[in-house]
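Chain letters run A, B, ... following the sequence lines, proteins first, then strands; residues in each count from 1.
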There are 2 protein chains.
Amino acid sequence: MRILIVEDDANLNRQLADALKEAGYVVDQAFDGEEGHYLGDAEPYDAVILDIGLPEMDGITVLEKWRGDGKTMPVLILTARDRWSDKVAGIDAGADDYVAKPFHVEEVLARIRALIRRAAGHASSEIVCGPVRLDTKGSKATVRGVPLKLTSHEFRLLSYLMHHMGQVVSRTELVEHMYDQDFDRDSNTIEVFIGRLRKKIGNDLIETVRGLGYRMQAPGNGN
Amino acid sequence: MRILIVEDDANLNRQLADALKEAGYVVDQAFDGEEGHYLGDAEPYDAVILDIGLPEMDGITVLEKWRGDGKTMPVLILTARDRWSDKVAGIDAGADDYVAKPFHVEEVLARIRALIRRAAGHASSEIVCGPVRLDTKGSKATVRGVPLKLTSHEFRLLSYLMHHMGQVVSRTELVEHMYDQDFDRDSNTIEVFIGRLRKKIGNDLIETVRGLGYRMQAPGNGN
DNA sequence: CGCGATTCTTCCGAGTCGCTTACGATCGTT
DNA sequence: AACGATCGTAAGCGACTCGGAAGAATCGCG
């Protein structure tokens, strides 16, 4: 999962980025509205953390531009505690959530989890696919109750696949969400990781759709 | 749009209900956890406003029960300003949003709007033609519930035909939409693929209109 | 009924795609 | 400094897809 932070306070920005990376996300950072707007337009993020008060371009404006361009990724707004009218404006501009400053980092994490989960259409913090359970809250996964020992990239891969269960996910999509900006597109890294993951969770859960990508689905689930 | 309010403070409950009705929603009210849980289970709501501190049954518990039963309607949690850990718990239990008390009613309205808007975005894209179902989002198709194993070109062909159901689609039209610009026009590739597709989905679904092209239509559909 | 045009089917080689295995580089830890 | 774990690249191999060709089948028309 790849996340964009748009926040001019360098300290706060770093603090959030660290916590998110710690939690296993891929993080891109922007420090003013223009940069943020550009990145959000150009790269496919699973969620965005957007400050309202920004140099160059106001957060609300950035958001409105994105929405006007048809961008639908979930956006979490950061706002000053007393500016509640900003919140309403932000939400009506297409924000999915907000957090008032000052906040606890854990809260931001929980809300990001919820946004990503919700964007994928899941109600609870646990996603189940056949024998595999993914605990988005604890960043853990089990097969038939047995905890899986996954490396960080394997977990990211599994997580993205399970958040898009039933859908075919292309290799480029996976690359874009597992790595930040520049990554050598033509290499077989994804194939290798799919292989490693299959070895750990069983072969029949990740179906390969030739020419298109991969699809995760409980086996024997007609349709 | 029908909304459930679960809130033990009668005053607050009525205040919210009034504002929501004013905004054009249909509102049901519950004043303790058990009643709320029962209603949320039995009736189809487009959104729920749920207080955390409730008599009879805690709000988090209510929510967990709903989610455990597969209920996925968006839930907005009401929580005391200083109990931020409640928020995290609530969000991880499957809440979609929260508002801290005391709140501005406009804010609740804005968030309900956002929740309903977002929940509406999850309609699955499916085209049906007789026994054939095409899930464009999941890149898969079924015949009578049996999953089809299609190659990427076969899928593209089927997809184009189903998107133009009832219309006659010419060979050149198909070529132009399945391949990039220059492709050897005089080859029988399309015929071959039509044949392969018919073999998989049944012969009577794709009608050939001599001299013009092909038409997809549910069989026994006069004309 | 017969002929030409169109469409269907079958077959097969070429090329692509994806899986596996092995190896070297890097990083963090002991 | 050495070790283990993790990650990315490369190469070989097997399987599958694609598309062309040729002959069979079908249709429309006179």
Is there a donor-acceptor pair under 3.5 Å between the side chain of R67(B) and the backbone N or O of S124(A)? no

So, do V108(A) and L20(A) sit near enough that their side-chain heavy atoms are less than 4.5 Å apart? no

Does a side-chain heavy-atom distance below 4.5 Å link R117(A) with S125(A)? yes

With a 3.5 Å distance limit and no angle check, can you tell me whether D32(A) reaches the backbone of M57(A) through a side-chain donor-acceptor pair? no

May I ask you to check whether H153(B) and Y179(B) place their ring centers less than 6.0 Å from one another? yes

Looking only at side-chain N and O atoms, does S187(A) come under 4.0 Å of OP1 or OP2 in dG8(D)? no

How large an angle, rounded to 10°, do the end axes of the helix from dC1(C)-dG30(D) to dT30(C)-dA1(D) enclose when each is built from five base pairs? 30°

Pairs under 3.5 angstrom, nitrogen or oxygen only, protein versus nucleotides 28-30 of chain D, please.
none

Any donor-acceptor pair under 3.5 Å linking the side chain of K101(A) with the backbone of L78(A)? no

Starting at the 5' end of DNA chain C and moving along, which residue's nearest nucleotide shows up first, V192(B) or T208(A)? V192(B)

So, are R2(A) and D28(A) salt-bridged, with charged N and O less than 4.0 Å apart? yes

When you check the phosphate oxygens OP1 and OP2 of dC7(D), does a side-chain N or O of Y179(A) lie under 4.0 Å from one of them? no

Going by heavy atoms closer than 4.0 Å, what residues in residues 193-202 of chain B are next to DNA chain D? F193(B), R196(B)

Distance check: side-chain N/O of T151(A) vs OP1/OP2 of dC7(D), anything under 4.0 Å? yes

Y214(A) side chain N/O closer than 4.0 Å to the phosphate oxygens (OP1, OP2) of dC19(C)? yes

Without swapping roles, check the side chain of D96(B) against the backbone of V75(B) for a donor-acceptor pair under 3.5 Å. yes

Less than 4.0 Å between a side-chain N and a carboxylate O, is that true for E154(A) and R196(A)? no

